[in-house]
Amino acid sequence: MTTGIGNPVKRKEDRRFTTGRGRYTDDVRNDNQAYAAFVRSPHAHARVKSIDTKAALAMEGVIDVLNGKQLTGDGIGNLICGWAISSKDGSPMNMGAWSALATEKVRYVGDAVAVVIAETQALARIAAEAVEVDYETLPVAASLTAAMAKGAPQIHDNAPGNLIYDWGLGDEAAADAGLKAAKHVTTLDLTNNRLSPNPMEPRSAVASYDAAEEHYTLYTTSQNPHVARLVLSAFYNVAPEHKLRVIAPDVGGGFGSKIYIYPEEITCLWASMKTNRSVKWTSDRSEAFLTDMHGRDHVTTAQMGFDENGKITGFKVDTIANLGAYMSLFSSSVPTYLYAPLMSGQYDIQNIYCNVRAVYTNTVPVDAYRGAGRPEAAYLVERMMETAARELNMDPAELRRRNFVQSFPHQTPVLMAYDAGDFPKLLDMAQKSADVAGFPARKAEAAKRGKLRGLGYSTFIEACGLAPSKAAGSLGAGVGLWESAEVRVNPVGSIEVLTGSHSHGQGHETTFAQIVAERFDIPVENVSIVHGDTDKVQFGMGTYGSRSAPVGMSAVVKAMDKVEAKVKKIAAHALEASEDDLVIEGGAVKVKGTDKQMLWHEVGLAAYTAHNLPDGMEPGLKETAFFDPVNFSFPSGAFICEVEVDPDTGVTEIVQFVAADDFGTIINPMIVEGQVHGGVAQGIGQAMMEQVVYDDNGQLLTGSYMDYTMPRAADLPFYKVSHQVTPSPNNPLGVKGCGEAGAIGAPPAVINAITDAIGNNHLNMPATAHAVWQAIRAGKSAMAAE
Amino acid sequence: MYPTKYHKPASISDAVALLAGNDEAMILGGGQTLLATMKQHLAAPSDLVDIRAIKGMSGISTSDTALTIGAATTHADVAASKEVKKLCPALADLASHIGDPAVRSQGTIGGSIANNDPAADYPAAMLALAATIVTNKREIAADDFFLGQFTTALEEDEIITAVKVNAATKAAYAKFAQPASLFAMVGVFVAKGAAGVRVAITGAGDDGVFRHAGLEAALTADWSDSAVNEVAISADGLMSDLHGSAEYRANLIRVMAKRAVAAT
Amino acid sequence: MTKVSMNVNGKKVSRDVPDETLLSDFLREKLRLTGTHVGCDTSQCGACVVHVNGKAVKSCTTLAVSLEGAEVTTIEGLANGKELHPMQVAFNDNHGLQCGFCTPGMIMTSVDMVARYKAEGRKLTSDLIRQELEGNICRCTGYHNIVKSIEDASAKM
Amino acid sequence: MELTGEYRIAAPRQQVWEALNDAEVLQACIPGCQELEKTSDTEMLAKVTLKIGPVKATFGGEVELVNIDAPKSYTIQGEGKGGIAGFAKGSADVVLAEDGDDTILTYNASAEVGGKLAQLGNRLIQSTARKLAAAFFDNFHERLNQSTPEDA
């Protein structure tokens, strides 16, 4: 069997994508299609005094112009953040009201105040420009510094000083004591740069309303259509769940940015009812830069203490997170529970304390972006280790080795119980692959060419497979984090798997089929995966946090357990054998040691003809299951980046990038490697190229690909990817999840390499050529001053 | 896009007639800048006058020492031209690095020069090669043509029909790309020919393409990359933006000038 | 409105369209050939690349009315019936795509790239492939497998 | 974004001051100004067309003279809406000092752009603002004085 677990099966979904037959949301066009265009604020902070729609309404082909007061007047609820975080003093987070169309105030450039519905997209856009909005501009706080300054503009009335929460995790006294007892304390200030996710498919929504049935259908670019329906129904009061169908068809990348419910989807649904038309909105890239949730954006000061043997004695972190103008769906959890619990890294650290303050600013909301909190943690911990090694004059790999966790499970002082791993071996593998031993010679050779060569490590851990519902609930999550599956064996033996996971590039149609093919020993072609439609699939939780394999596939496995049990009952009955003697192989259910068998499709047919089933058995062969993990999974990795810097220009070339990962069991190595490639590319993007910049007035200055640097082919190397497998004991497949590792592990490896090359540790991301050139100069003048 | 009316005149006089007296009409070449601007609703020409079908607007002709390149000749055609490669390989090389392959197959030399984007490549070549810009009305020396960012000597209904470039004995272009747009953050074109040594810099100036007297003097005395080291390159008047400070651009001018000279 | 006729994927088509209609809109909305994607508005991402008269063109930065009589090939017209073009096969073989959104433009650019190098008798190396892809952005793959796909197809085209 | 300049004008301060308060003079000097209509002694309605390469946007808005200390100084400020292009705000503190028969004009201007122009055109905004400010005072200077500016 070459299609089962562990095989690089070529993707089944590729044929439609390579022939232009993919079906994305913007490809949907209904019969009575109309188009929406939003009227957006050019001001970062302003009161909406009046909206004059006369000129727009007078245009031929304009169907309606709708505003926020009408929307709230129809009972459409505010957008919410679904994870409640309490401050250290026990007070709840200060969540400000967020209407899909602003009613009183706009709080970031791009905040929508009205929507135009027109016969064509071009006309809708032109008419939107004709809507006259009278704004009274207010002082702007576009940065953390501005938002936290004394007398800063108040963005939401219920968040004094723009503070959303002041939260902590760990034992502060213990961390202080650990630092006090240290022989050496490393202090680091760093910034985690703000990023725009930029999936290549812009967001889109097509909403239609059936007045006779009072039923809505929404096509949308979502990573979790089921949760979208729940939230649209329960919180935004668009329609009860049974009157709302949400379909996420082919989705062109997400990276977190398509997890959330956005104002546009709510508005399109509501507008479809108001106008009795199908309403389509598709973002253009300029609009995406303005309105897609951003990622990261932290500033941190941290201290780590070491004893005389280089063992970590304590770690104390103070982070301020910019959440933008409103609290998006998961935003509160990203700098808290997805961040602080990772502060132990791959290390045995007994004393940790992490304080996080979250702050409003007049910028687009910030939420999860590939890795979500874990890249920020890994960047801090791994920059810290490298910096400490330099200060202690130790080999950075050796310092890490002295602190690695050695046995599993390992309980950290910050909530997490690591499941499985072998960190020293992983680092060995990476060092070998990177030929670290040969580095000094390569560095000397580069120096002859006038180039500065550097090497940087990142040995990181992540928590994936979000996660036990009970634990999440106790920490404030508003939803459970299990996953569902339904496995349908058809009368002819083909199999449909309906999963609550959602694929937007991850290749589920192939990998999910592989685990079914493996289990029932049938061709992968005979299995199809159905996802992304709330009318077809039962409630599920969607794809983010590298959870499709550890949670989504596990649910499929549970459902297959049930199918197998029934199959064996049916076959045992038909073959007059004991269930214990049956094996499923070679497309049949066989009685061990005999030539008696039932072909796979014969079992299916038997289940549905129901002519000869065991007494009391229901006909049919379809099982559902829900899987709720007992713990997160903990993929780990050892990345080594080697760079060459041109001191004349600051241009950095990545000459080698090694990624050694432990994802537990691997279903399809080709797809897993693809995930690593893409994640590393995004990590390199964060480290060297990408940054969202707002000016002091809250104007977005990086609002197109002319100014926001997307990694291109020529910016990136071939990656050397390898794996070790320590299966996770917490799910039936032993998988850990692979979607985010690259984005989590790469940034510190890159910055550690560049700072090594230039001999100046003070370098913020993105390390553009300009920034590196400046750091080289600053390093030289610092040396001259010494 | 806003509604517009498209015209494809077959002659210069038809084109001029379409442009005359209509402030809102614009000339369309390859459209790689104009159409992108129109999509953003930042330009709303009432009429687009597509000059690519006018006879004689495309193509490259040569004499022993000079090239005449039709205004509607695409970057890809300039890059691939045997004549250009022979008489002025630096110009072919420059054209082969404008935008990306799809942009090069559409964008035109006339459009680039008429637009005079402060980060465009061609204006540096025209200035350094002492090219002549030929219009339907006159011939304009490059020195008199580029008048600051997005500003040229062109009158309202004046249409570039061709550029004339003399072969240089030595010439090269070195570009440092702005990382996001890949436009020139600093582009330095060095040339030595009948017009002497000329060095033109694009991308860096606060007001568009300019010649650098210091570099020209130094390279006139000694055409070598080490000569560049001795030249004072001031950051005054250079652009400072998200992607690079004026000081960085000044540094890049030196580095790119050296690389250009070294490439000759 | 102007009537524009062109040959798209071997079929003659004529439509009345407003003059400002971009080729990408013409293909997607008038002909419902939705394989051509639009991923940006500054002509940089390349998701919209098609072939016009044998050359790769960004269809989002080209007016349909300017293409009277042109030969246009889109991703839907690349395969020969059921038989996929070697580039399409190579992208599948080498896992050169994930979400699939940039893929049509990537493939159309790649086919043009390989054809140009072959016509000029130049060898296409991985470094050159990376340079040639400057007008196409992919967010999923990190390009590794895209470059491999093009190298692979280049040997077979 | 701060923009400054200084001019020597061969005219007495009172005359320069009057010109600075003359709507007709201002309209002629503001680059791209198509209309400037006085609504009070210190307030005007303006329509200004801005051209940056292929970009063309018309801004409508108000121009106001504040902090008036006749005939020594004032602040001229304007704010206009340019439809989809966004908005532009600018102000210049203008100081007139007597130097014999001449007047020394100094300005300190600032500009702010919002909306689509800021989002898409930031590389050009600073240089354009500088150019526009300089153009205004160049025009003004030229109108009152044929000699060339000392420092523009």
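By convention in this document, chain letters (A, B, ...) are assigned in the order of the sequence lines, proteins followed by strands, and residues within each chain are numbered from 1.
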Could you give the distance from [atom1] ([X]) to [atom2] ([Y]), rounded to the nearest 0.5 Å?
| X | Y | atom1 | atom2 | answer |
| --- | --- | --- | --- | --- |
| Lys116(D) | Leu700(A) | NZ | CG | 12.0 Å |
| Leu120(D) | Tyr705(A) | CG | OH | 13.0 Å |
| Ile125(D) | Leu701(A) | CD1 | CG | 7.5 Å |

Atom of Lys89(D), atom of Thr137(A) and distance for their closest heavy-atom approach: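 Looks like NZ-OG1, 4.3 Å.
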
Taking atom [atom1] of [X] as the centre, report whether more than 12 heavy atoms of other residues, nucleotides or ligands fall under 6.0 Å from it.
| X | atom1 | result |
| --- | --- | --- |
| Lys38(D) | NZ | yes |
| Glu136(A) | CD | yes |
| Glu104(A) | CD | no |
| Asp69(D) | CG | yes |
| Glu62(D) | CD | no |

Check: Ser286(A) main-chain N/O paired with Gln119(D) side-chain donor or acceptor under 3.5 Å: yes

Max heavy-atom pair count under 4.5 Å with chain D, selected residue of Asn697(A), Asp696(A), Asp695(A), Val109(A):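 Ranked by heavy-atom pairs under 4.5 Å with chain D, first place is Asn697(A).
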
Contact leader toward chain D among Glu132(A), Met706(A), His43(A), Arg125(A), where contacts are heavy-atom pairs under 4.5 Å: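 Most heavy-atom pairs within the cutoff with chain D belong to His43(A).
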
Residue Val39(A) versus chain D: region with a heavy atom under 4.5 Å: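 Neither part; nothing is under 4.5 Å.
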
Close side-chain approach of Phe87(D) to Gln699(A), heavy-atom, < 4.5 Å: yes

